[in-house]
Amino acid sequence: MLYLILGVLIFLTVFYLMITEKVPNAWATMLGGLVMALIGIINEENALEAVYERLEIIFLLVGMMIIVHIISETGVFQWFAIKVAQLVKGEPFRLVVLLSVVTAICSAFLDNVTTILLMAPVSILLANQLRLDPFPFIISEVMSANIGGVATLIGDPTQLIIGSEGHLGFNDFLLNTSPMAIISMIILILNVYFIYGRKMHVSRELKARIMELDSSRSLKDVKLLREAAIIFLLVLAGFILNNFINKGLAIISLSGAIILVVISKKEPKEVLNNVEWDTLFFFIGLFMMIRGIENLHIIDIIGNKLINITAGKFDLALVAVTWISAGFTSVIGNVANAATISKIVEVMIPSFEKIGNTQAFWWALSFGSCLGGNISMLASATNVVAVGAASKAGCKIDFIKFLKFGVLISVQTLLVATIYMWIRYM
């Protein structure tokens with residue numbers, strides 16, 4: 001009983017530190033995992049096993065971080081944003097829509113944190129050129145990044161966790177979650193139009209300035225861009241075909257990264273300095289903490305409570321996983337939520353195998369985590385990064401301002417996701 005109380009206190013303390021930002025997220029989860037080990041909730045073998053079992057996630061992220069970093073050095077993201085602006089001839093609402101769609105597509109196949117880091121400054125630049133409030137541009141892209149992340153296995157770290165725990169492949173996500181991502185983007189765009197789009201007016205003179213921007217100046221290394229594009233497409237093809245070639249997502253990702261590093265003649269120190277080690281250590285600490293919670297049987301208790309409440313009602317259980325996930329995500333973040341609730345889902349699945357398509361529980365968790373990631377600034381690392389990038393560029397976004405729009409979008413998309421699952425799986 002003492003260990004149970006201590007384990008819950010450690011878990012709550014870690015998330016308090018994360019929410020209040022008193023300690024960086026990576027150190028918070030590492031401290032939580034190590035304290036659990038030091039007081040005996042887990043031993044060294046448990047801690048190492050927890051990380052070992054999810055090494056595919058760690059190495060997949062490392063590979064993709066390296067690939068995205070090298071691609072970003074070519075300037076192609078900035079080039080693309082300017083081209084999009086010129087494509088719509090400076091029309092503000094069309095510009096918001098296309099930038100959001102570009103962000104969603106990039107987030108589906110790249111790291112969404114990196115995508116928003118690259119897109120946000122460019123969007124603020126374009127908004128300032130048109131003398132418009134940058135907020136609609138930034139908030140639309142943040143929501144698009146989280147929505148785009150739901151479309152594929154590699155779109156968001158939460159998807160990697162769900163894929164690993166549920167033994168789901170790249171194509172499983174593509175077939176089951178990408179349709180909801182498209183529907184959610186339509187919902188987002190309609191909201192942006194009715195709330196902000198109709199108020200956006202730009203003079204002809206300002207539109208002309210956008211048309212005069214020279215996108216070619218953004219491209220720093222065309223040769224490297226061609227090489228990186230070929231390798232990235234091969235990696236993407238490997239992800240899609242992995243069910244047939246069975247090489248593993250981590251191996252495919254790392255192979256592409258190392259080949260690209262060798263081709264670009266980058267020094268190991270330069271490349272490794274740009275790996276987001278804080279994100280990786282955040283995951284390592286989180287995995288250790290989740291093992292501690294498993295050892296205390298807290299996951300079993302919550303899972304059994306949900307089973308008792310739903311009493312064999314498959315549809316109620318599916319809705320519960322979706323909305324409880326979204327609620328937890330808004331407070332503790334979508335990665336921590338996915339890692340925690342995935343264990344509860346594993347407990348619940350055996351009780352519903354004869355009633356319905358239990359794979360739907362993983363899609364419910366995916367929708368709750370990714371679409372719920374739009375609720376608050378704390379719900380996703382993408383949100384925190386975007387708000388920080390916007391602040392550096394002079395666009396202040398406070399918690400309440402984010403929350404008002406985020407709740408609006410999340411509630412609508414989650415309601416539609418519930419209907420989508422009802423039609424498709426129930």
Side-chain angles (χ1 to χ4, degrees), residues 24-27 29-30 33 47-74 77 106-118 145 149 152-165 168-170 173 224 227-240 242 245-288 290 333-336 338-339 380-382 385:
N25 290 350
W27 302 147
T29 59
M30 285 296 296
L48 294 177
E49 274 182 1
V51 179
Y52 167 75
E53 288 171 0
R54 297 174 179 86
L55 275 180
E56 183 179 39
I57 295 174
I58 302 294
F59 286 128
L60 173 57
L61 282 173
V62 170
M64 291 307 293
M65 286 173 182
I66 292 171
I67 292 171
V68 170
H69 165 67
I70 294 175
I71 290 175
S72 70
E73 287 193 331
T74 68
F77 294 106
C106 290
S107 295
F109 298 103
L110 305 175
D111 174 62
N112 50 8
V113 172
T114 304
T115 300
I116 205 70
L117 266 175
L118 294 166
T152 67
L153 170 64
I154 59 172
D156 192 282
T158 59
Q159 303 292 75
L160 293 173
I161 292 170
I162 293 167
S164 174
E165 298 295 338
L168 303 163
F170 189 88
F173 281 86
L224 178 59
E227 295 166 345
I230 292 169
I231 290 170
F232 176 72
L233 289 173
L234 288 172
V235 169
L236 187 58
F239 289 159
I240 295 170
N242 186 55
I245 61 177
N246 195 30
K247 297 300 178 184
L249 300 181
I251 295 299
I252 294 168
S253 173
L254 282 173
S255 298
I258 299 304
I259 291 169
L260 188 54
V261 167
V262 172
I263 289 174
S264 61
K265 299 178 181 178
K266 300 284 184 184
E267 291 295 324
K269 185 177 180 180
E270 179 188 354
V271 173
L272 295 176
N273 279 343
N274 287 284
V275 170
E276 296 166 28
W277 294 105
D278 53 341
T279 301
L280 300 179
F281 275 97
F282 169 81
F283 277 119
I284 290 170
L286 182 65
F287 295 152
M288 289 194 289
I290 296 299
N334 56 6
V335 172
S380 169
T382 308
V385 169

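The figures here come from the full heavy-atom set of this structure, side chains too, leaving out hydrogens, waters and symmetry mates.
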Q. When rounded to the nearest 0.5 angstrom, what is the spacing between CE in Met65 and CD1 in Ile70?
A. 14.0 Å
Q | Closest heavy-atom pair and its distance - Ser164, Ile57 | A | CB-CD1, 3.9 Å
Q. Side chains of Ile259 and Leu234: does their closest heavy-atom pair fall under 4.5 Å?
A. no
Q: Evaluate the side-chain proximity of Leu168 to Leu153: yes if any heavy-atom separation is below 4.5 Å, no if none is.
A: no
Q) Can you tell me how far CG of Leu60 sits from CD1 of Ile251, rounded to the nearest 0.5 angstrom? A) 11.0 Å
Q) What pair of heavy atoms forms the shortest contact from Gly63 to Ala257, and how long is it? A) O-CB, 3.5 Å
Q | 4.5 Å side-chain heavy-atom contact, Ile290 and Phe287 | A | no
**Q.** Exercise: identify the closest heavy-atom pair between Thr382 and Ala145
**A.** CG2-CB, 3.7 Å
Q.
Going by salt bridge (Lys or Arg N to Asp or Glu O under 4.0 Å), name the pairs with one or both residues in residues 54-67, residues two or more places apart or in two chains.
A. Arg54-Glu165
Q: Could you tell me whether a side-chain N or O of Ser253 sits under 3.5 Å from a main-chain N or O of Leu249, the two making a donor and an acceptor?
A: no
Q. Is there a donor-acceptor pair closer than 3.5 Å between any side-chain N or O of Ser107 and the backbone N or O of Gly149?
A. no
Q) Just wondering, do Phe239 and Thr152 contact through their side chains at under 4.5 Å, heavy atoms? A) no
Q: Would you mind reporting whether Phe170 and Leu236 have side-chain heavy atoms less than 4.5 Å apart?
A: yes
(Q) To the nearest 0.5 Å, what is the distance between CG on Leu55 and CZ on Phe283? (A) 13.5 Å
Q. Closest approach of Leu280 and Val275, non-hydrogen atoms and distance?
A. CD1-CG1, 3.7 Å
**Q.** Atom pair NE2 (His69) and CG (Leu260), whose distance is rounded to the nearest 0.5 Å
**A.** 10.0 Å
Q.
Using side-chain heavy atoms (C-beta onward) and a distance below 4.5 Å, is Asn25 in contact with Thr29?
A. no
(Q) Which heavy atom of Gly256 sits nearest to which heavy atom of Ile231, and what is that distance? (A) O-CG2, 3.5 Å
Q | Spacing of Ile284 atom CD1 and Met30 atom CE [to the nearest 0.5 Å] | A | 6.0 Å
(Q) Taking Ile71's backbone N and O only, do any of them form a donor-acceptor pair with Thr74's side chain (distance below 3.5 Å, no angle check)? (A) yes
Q. Do Glu73 and Lys266 touch side chain to side chain, with heavy atoms closer than 4.5 Å?
A. yes
Q: Quick one: closest heavy-atom pair of Ile67 and Val235, and the distance?
A: CD1-CG2, 4.1 Å
**Q.** Gap separating the CD1 atom of Ile66 from the CD1 atom of Ile258, nearest 0.5 angstrom
**A.** 5.5 Å
(Q) Do Phe173 and Ile154 make a side-chain contact, defined as non-hydrogen atoms from C-beta onward lying under 4.5 Å apart? (A) no
Q | Donor-acceptor under 3.5 Å (Trp277 side chain, Leu272 main chain) | A | yes
